[in-house]
Amino acid sequence: MSQISRRAFLQMCLPLVLAACGTPAATSTTAPTSTLANTPRPATPEPTAIPPVAAPPVAAPTAALTTDAAVSLAPTPQCGDDDDVTPPQTAGPFYTPNSPERTSLREPGITGTPLTVTGFVLTTGCAPVAGALLDFWHADDAGQYDNVGYKLRGHQFTDEQGRYTLETIVPGLYPGRTRHIHVKVQAPNRPVLTTQLYFPDEPRNAGDRLFNSALLLKEQPAENGRAATFNFVLDIS
C-alpha cells in the first residue's frame, strides 16, 4: 500500500476507532445554550401600597342628664340629719278626740282658700313609716274652731311608702296666733308626737310666741288654691 493510500485509510478509520472507545469525535467550542437563560425573567412586582385604614368615627359625647326630665317622678322622701326630728308643740285647748277617718276636710259649708298638704312620715334614718296615724285639726276661714262637731277635723294613715295627703283650706287668723294647723302623729305602737305647722311669709309669725321655723310648710306651685309639703321625722329606730 502506498503512503498516500495508507494515510487516507487511517483518516477513514480514525473516527470509527474513537467512537468504539467512547471518545467523542469532536468537542464543540461553542458554549451550550440554556433554555432557562433565554426565558425572560419575570419582572419583580412593585409592592402594593396598603391604603390607610380610616379610624372609626368618634361618637359625640352624650349630653349629661338633667333634672329637667320630661317624665314626672314620684316624690322621694327626704330628711335631714338623724337628730333633726320634728319638734313637738302644745295641742292647745281645742283638740277633740275620735275624729272621722278621711283625707279631705272640705265639705259643704266650708269656705276659704283650698289647701293641699302632702308629705311623708319618716324615721330618723329616713325610712318611711307605713300605717302611721295623723290627726289634723285647725280653725276655719274666720278663725273659729268647731268645738261641737268635726268640721275641719279628721285623721288618716300613711300608705306603704309613708305618704299622706291632706285636702283642707287655709286656716284663718284669731287674736294672739299666726296661721297654723294642729296635728298628732303616731307610728304604730309608738308614742304620739303633737305639734303644729306654720305658713311661710306670714306677718304674724314673728310675733307668735309658739312659732318655730322648723315647722314651716314648704309652699308649692298650685293651679287652684295653695299647696305645700311637710315631712314628719319621728325619733324612732
Side-chain angles (χ1 to χ4, degrees), residues 65-92 95-107 110 112-138 149-171 179-200 212-237:
L65 296 178
T66 65
T67 54
D68 299 330
V71 179
S72 177
L73 301 178
T76 302
Q78 296 180 357
C79 57
D81 299 333
D82 289 348
D83 295 333
D84 192 12
V85 298
T86 302
Q89 288 207 322
T90 177
Y95 172 67
T96 301
N98 303 318
S99 66
E101 181 179 350
R102 55 186 177 179
T103 59
S104 178
L105 306 184
R106 302 172 195 164
E107 57 183 313
I110 299 294
T113 302
L115 169 68
T116 301
V117 181
T118 59
F120 294 83
V121 177
L122 308 167
T123 69
T124 51
C126 209
V129 181
L133 169 69
L134 298 103
D135 195 356
F136 295 98
W137 73 99
H138 61 82
Y150 291 98
K151 288 183 179 180
L152 298 174
R153 300 175 183 270
H155 74 271
Q156 61 178 281
F157 297 91
T158 57
D159 64 13
E160 293 181 356
Q161 284 73 44
R163 295 176 296 193
Y164 74 91
T165 299
L166 173 68
E167 294 180 348
T168 186
I169 63 166
V170 176
R179 298 183 199 276
H180 62 281
I181 297 174
H182 294 273
V183 57
K184 288 181 179 288
V185 186
Q186 183 182 23
N189 304 314
R190 294 291 184 146
V192 177
L193 167 68
T194 301
T195 191
Q196 302 179 35
L197 302 178
Y198 297 94
F199 294 80
N212 186 336
S213 60
L215 297 169
L216 279 171
L217 293 163
K218 294 181 179 179
E219 293 267 13
Q220 303 292 326
E223 295 183 1
N224 298 312
R226 298 169 69 175
T229 62
F230 190 87
N231 293 340
F232 296 95
V233 180
L234 305 182
D235 188 13
I236 59 176
S237 57

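Only a predicted model underlies this, so the values are computations on that prediction, with no experimental measurement involved. Heavy-atom basis, side chains included; hydrogens, waters and symmetry copies ignored.
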Counting only N and O atoms by type, is there a donor-acceptor contact under 3.5 Å from the side chain of [X] to the main-chain atoms of [Y]?
| X | Y | answer |
| --- | --- | --- |
| Gln196 | Thr90 | yes |
| Arg153 | Pro97 | no |
| Thr86 | Val233 | yes |
| Thr116 | Ala227 | no |

Atom pair [atom1]/[atom2] of [X] and [Y] - distance to nearest 0.5 Å:
| X | Y | atom1 | atom2 | result |
| --- | --- | --- | --- | --- |
| Asn224 | Thr113 | CG | OG1 | 11.0 Å |
| His155 | Asn98 | NE2 | CG | 9.0 Å |
| Gln186 | Leu234 | CD | CG | 9.5 Å |
| Arg106 | Leu115 | CZ | CG | 7.5 Å |
| Ile110 | Ile169 | CD1 | CD1 | 6.0 Å |
| Glu101 | Gln156 | CD | CD | 8.5 Å |

Any idea which heavy atoms bring [X] and [Y] closest together, and the distance?
| X | Y | value |
| --- | --- | --- |
| Phe232 | Leu134 | CE1-CD2, 3.7 Å |
| Pro171 | His138 | CB-ND1, 3.6 Å |
| Val129 | Ala187 | CG1-CB, 3.8 Å |
| Gly154 | Asp135 | O-OD1, 3.2 Å |
| Gly131 | Pro188 | O-CG, 3.6 Å |
| Phe230 | Leu216 | CD1-O, 3.6 Å |

For the NZ atom on Lys184, are there more than 12 heavy atoms of other groups (residues, nucleotides or ligands in this structure) within a distance under 6.0 Å? yes

Check the pair Tyr95, Thr194 against side chain to side chain contact (heavy atoms under 4.5 Å, CB included), reporting the backbone distance first and the verdict last. CA-CA 11 Å; Tyr95 172 67; Thr194 301; over 6 Å; no

Thr158 and side-chain contact (heavy atoms from CB on, under 4.5 Å): which partner among Thr165, Val185, Val121, Leu122?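 The side-chain contact (heavy atoms from CB on, under 4.5 Å) with Thr158 is passed solely by Val121 among Thr165, Val185, Val121, Leu122.
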
Might you work through the side chain to side chain contact (heavy atoms under 4.5 Å, CB included) test for Val117 and Tyr164, ending with a clear yes or no? CA-CA 8 Å; Val117 181; Tyr164 74 91; 3.7 Å; yes

Does Glu219 come within less than 4.0 Å of Arg226, counting only side-chain N to carboxylate O?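 Yes, Glu219 and Arg226 are salt-bridged.
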
Ring geometry between His182 and Trp137 (parallel below 30°, tilted from 30 to 60°, perpendicular above 60°):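 Rings of Trp137 and His182: parallel, under 30°.
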
